[in-house]
Amino acid sequence: MSEFQVPDLFSVRDRRIVVVGGTSGIGQAAASYLSRQGANITITGRRASGAAIAERIGAGFVAMNVADNQSVQVGFAEISATPIDCLILNAGIKQEHGEIANLDIAVFEQMMDVNTLGTVRALAAGVGAMRSGGSVVVTSSPAGLITVGGLAAYSASKAALNMLVRTWSLELGPKGIRVNAILPGIVESEMAPAGSPEVEGVRRMTANGVFRRPEEMAPVFQFLASDASVTLTGSLVGAHDGISVGYSAEVMRYLSVTSMVRAV
């Protein structure tokens with residue numbers, strides 16, 4: 001009797017994984033990590049240094065601007081020459097746009113165009129090349145679940161993604177393709193530089209009180225790209241240290257101290 005072999009459900013070795021928006025931050029960290037796990041990685045982006053970044057992490061590179069439909073179509077025409085096992089849709093921006101009384105409509109429109117419509121463009125162009133049994137992973141945000149004044153555009157763009165993920169999971173389920181979202185918390189990036197007041201404020205809101213590095217998000221992408229997550233589709237996977245759960249202990253202490261000071 002042969003020894004029972006437990007399959008490595010978390011393995012992504014030899015899988016074709018495309019990371020849209022993979023030249024910086026979480027996308028680059030995930031692409032680099034998955035490449036080291038033996039996956040065949042292609043990253044896209046609009047940076048002039050994209051090819052050099054890809055070479056450094058052992059990936060291929062295709063130039064793509066998700067805000068430009070022609071760029072997306074041309075890029076995926078090249079990418080789709082080989083079937084895709086996992087499509088990671090990570091491209092996104094975050095900009096200050098102001099509260100409704102002094103709203104910068106142009107910035108609001110750009111946020112929706114890149115974060116929401118950019119993701120729609122990429123999936124519409126790439127889904128035809130995906131294998132049955134494949135996985136789509138969308139980088140969303142807990143900002144799509146909780147509200148913060150002044151972040152209406154960013155929150156709306158991510159809330160729309162959360163609903164799209166759920167809808168796409170129903171549409172693509174019959175084709176054997178799973179669709180899930182990762183909701184990272186406060187992660188160091190160009191959009192969230194360490195030491196900024198905004199970053200520190202969000203860190204206080206997490207249950208664990210931790211400011212994460214992009215590399216710490218990468219294993220969550222591996223999980224959703226692998227057979228270990230075969231039962232998950234239409235899921236919003238919180239990798240945010242409990243930021244959407246409720247008031248953290250640190251926030252409660254802060255509120256308590258502030259109330260005492262005001263009372264005095």
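FYI, the numbering just counts along the sequence from 1.
Counting only heavy atoms from C-beta outward, the side chains of Gln222 and Phe10 approach each other to under 4.5 Å. Side-chain contact between Ile93 and Gln110 is present, with heavy atoms from C-beta onward closer than 4.5 Å. Within the 4.5 Å cutoff, no side-chain heavy atoms of Thr44 are placed close to those of Val19. Using a 4.5 Å cut-off on side-chain heavy atoms (C-beta onward), Trp168 and Thr119 make contact. In this structure, Pro184 and Ile26 have side chains that are in contact, with non-hydrogen atoms separated by less than 4.5 Å. Looking only at side-chain heavy atoms (C-beta outward), Val237 and Leu183 stay at 4.5 Å or farther from each other. With contacts defined as side-chain heavy-atom distances shorter than 4.5 Å, the pair Asn40/Asp14 does not qualify. Contact of the Ile53 side chain with the Gln28 side chain is registered, since non-hydrogen atoms from C-beta on lie closer than 4.5 Å.
Under the 4.5 Å side-chain heavy-atom criterion for Ile, Leu, Val, Met, Phe, Trp and Tyr, Met112 and Val165 are members of distinct hydrophobic clusters.
Side-chain atoms of Ser157 come within 3.5 Å of backbone N or O of Tyr154 as a donor-acceptor pair.
Every pair passing side-chain hydrogen bond (donor to acceptor under 3.5 Å, both in side chains) that includes a residue from residues 171-185 is listed here, sequence neighbours excluded: Arg178-Ser229.
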Using atom types as modelled, flag every donor-acceptor pair under 3.5 Å from a side chain in residues 120-129 to any protein atom, sequence neighbours excluded.
unit_1 : atom_1 : unit_2 : atom_2 : d
Arg121 : NH1    : Val66  : O      : 2.8
Arg121 : NH1    : Asp113 : O      : 3.2
Arg121 : NH1    : Asp113 : OD1    : 3.3
Arg121 : NH2    : Asp113 : OD1    : 2.5

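No salt bridge links Arg16 with Asp85; every basic N to acidic carboxylate O contact stays at or beyond 4.0 Å.
Tested against Val20 for a side-chain contact (heavy atoms from CB on, under 4.5 Å), the candidates Thr42, Ile88, Leu89 yield a single pass: Leu89.
The two residues Ala160 and Thr116 have their closest heavy-atom pair at CB-CG2, 3.9 Å.
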